[in-house]
Amino acid sequence: MTITINPSVGGPGVSELADRTESLLAHRRSMAHWWVELVALLDALGARVSSLREDQNGDSSFAEQIRMDAPHLYGSLRRLDEESEHLQEDLLRVRITAGESMGDESTLGELSRDIRGVLRRLRRLERRSNDVVLDAYDRDIGGE
């Protein structure tokens, strides 16, 4: 399982969206368009993570290939999927908070901290996911 740009889904990948969000937070403003852009980026991140989870857990999924060809990695893959599910929930939570807080400067500090925490976890998940994919390919799947 990897959280990278999915060719079947157009637009930027998780890393690029996370970078854009981080940049936006670094230049925070209380203007309406800043809030709208923040909510739009959080929506895009949530949709991307959801789309990737659906692709990876489909009938002909990478998870199924791991189960068949690299069973020793299946537990790691399941843990990554569980973590991505929690991240999806946390993304939704911060997105709702951002929407409810639009224009309220007093919420920016805590909201920014929460979003950055989710982004750090998302990047860590992406690295760990890529490691599992590379391990599976190098040791098992690629050797076919």
Side-chain angles (χ1 to χ4, degrees), residues 1-138 140-141:
M1 174 163 86
T2 182
I3 300 179
T4 56
I5 294 176
N6 182 340
S8 67
V9 179
V14 169
S15 291
E16 184 178 341
L17 290 168
D19 289 346
R20 287 183 193 174
T21 305
E22 190 71 46
S23 177
L24 188 66
L25 291 173
H27 301 95
R28 65 184 191 197
R29 299 174 188 85
S30 62
M31 295 183 288
H33 73 276
W34 182 90
W35 285 97
V36 170
E37 188 174 353
L38 177 64
V39 168
L41 283 167
L42 293 172
D43 282 343
L45 272 167
R48 178 58 64 160
V49 171
S50 177
S51 169
L52 292 169
R53 287 191 71 234
E54 288 171 13
D55 289 349
Q56 291 152 358
N57 293 315
D59 292 336
S60 61
S61 71
F62 181 72
E64 183 62 22
Q65 188 175 8
I66 289 287
R67 190 182 67 73
M68 300 287 289
D69 296 337
H72 61 282
L73 293 174
Y74 192 70
S76 296
L77 195 65
R78 298 305 331 144
R79 284 188 296 278
L80 289 170
D81 185 57
E82 289 172 15
E83 187 175 340
S84 69
E85 182 179 2
H86 293 296
L87 270 169
Q88 199 173 358
E89 293 166 0
D90 290 345
L91 271 167
L92 178 59
R93 180 185 50 79
V94 296
R95 191 292 184 208
I96 290 170
T97 301
E100 291 173 345
S101 301
M102 282 188 148
D104 184 355
E105 289 185 49
S106 68
T107 64
L108 279 176
E110 184 176 346
L111 179 61
S112 294
R113 186 175 53 251
D114 290 347
I115 293 170
R116 284 186 173 107
V118 169
L119 295 177
R120 276 191 303 276
R121 290 175 46 217
L122 191 54
R123 287 183 175 113
R124 189 170 48 244
L125 176 67
E126 182 176 37
R127 284 190 303 272
R128 290 178 38 231
S129 298
N130 288 334
D131 289 346
V132 168
V133 170
L134 291 173
D135 189 23
Y137 185 79
D138 286 345
D140 300 293
I141 298 170

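Not measured: the values here are computed from a predicted model. Computed over heavy atoms, backbone and side chain alike; hydrogens, waters and symmetry mates excluded.
The CZ atom of Arg124 sits 7.5 Å away from the CZ atom of Arg127 when rounded to the nearest 0.5 Å. Separating the CG atom in Leu73 from the CZ atom in Arg79 is a distance of 10.0 Å, to the nearest 0.5 Å. For the atom pair CG of Asp135 and CG of Leu77, the computed distance is 11.5 Å after rounding to the nearest 0.5 Å. Going from atom CD of Glu85 over to atom CG of Leu80 covers 13.0 Å, rounded to the nearest 0.5 Å. In this structure, Arg93 CZ and Thr97 OG1 are separated by 6.0 Å, a value rounded to the nearest 0.5 Å. Once rounded to the nearest 0.5 Å, the distance linking CD of Glu126 with CG of Asp131 reads 10.5 Å.
Here the options are Leu122, Leu125, Leu87, the test is side-chain contact (heavy atoms from CB on, under 4.5 Å), and the partner is Val49; only Leu122 passes.
In plain terms, the two heavy atoms of Thr107 and Ser101 that are nearest each other are OG1-CB, 3.2 Å. Here the shortest heavy-atom pairing between Gly99 and Val39 reads N-CG2, 4.0 Å. The two residues Ser76 and Val132 come nearest to each other via the heavy atoms CB-CG2, 4.2 Å. Considering all non-hydrogen atoms of both residues, Ala98 and Leu42 come closest at CB-CD1, 4.0 Å.
Between Asp43 and Arg48 no salt bridge is recorded (no basic side-chain N to carboxylate O distance below 4.0 Å). Ionic pairing of Arg78 and Asp81 is present here: one or more N-O contacts between side-chain nitrogen and carboxylate oxygen are shorter than 4.0 angstrom.
Within the 3.5 Å criterion, the main-chain N or O of Gly46 finds no donor-acceptor partner in the side chain of Ser50. Trp34 places a side-chain N or O within 3.5 Å of a backbone atom of Leu24 that can act as its donor or acceptor partner.
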- Dump the intermediate steps for salt bridge (charged side-chain N to carboxylate O under 4.0 Å, His left out) on Arg95 and Asp90, then the final yes or no. CA-CA 8 Å; Arg95 191 292 184 208; Asp90 290 345; over 6 Å; no
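In the model, Arg20 has no side-chain atom that pairs as donor or acceptor with a side-chain atom of Ser23 under 3.5 Å.
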Just list the side-chain donor-acceptor pairs under 3.5 Å for residues 109-118, sequence neighbours left out, or say none.
from   : atom 1 : to     : atom 2 : distance (Å)
Ser112 : OG     : Arg28  : NH1    : 3.4
Ser112 : OG     : Leu108 : O      : 2.8
Arg116 : NE     : Glu22  : OE2    : 2.7

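When side chains are defined from C-beta on, Met102 counts as touching Val36, because their heavy atoms get closer than 4.5 Å.
Partners of Asp104 according to the salt bridge (charged side-chain N to carboxylate O under 4.0 Å, His left out) rule, which considers only residues two or more places apart in sequence or in another chain, do not exist here.
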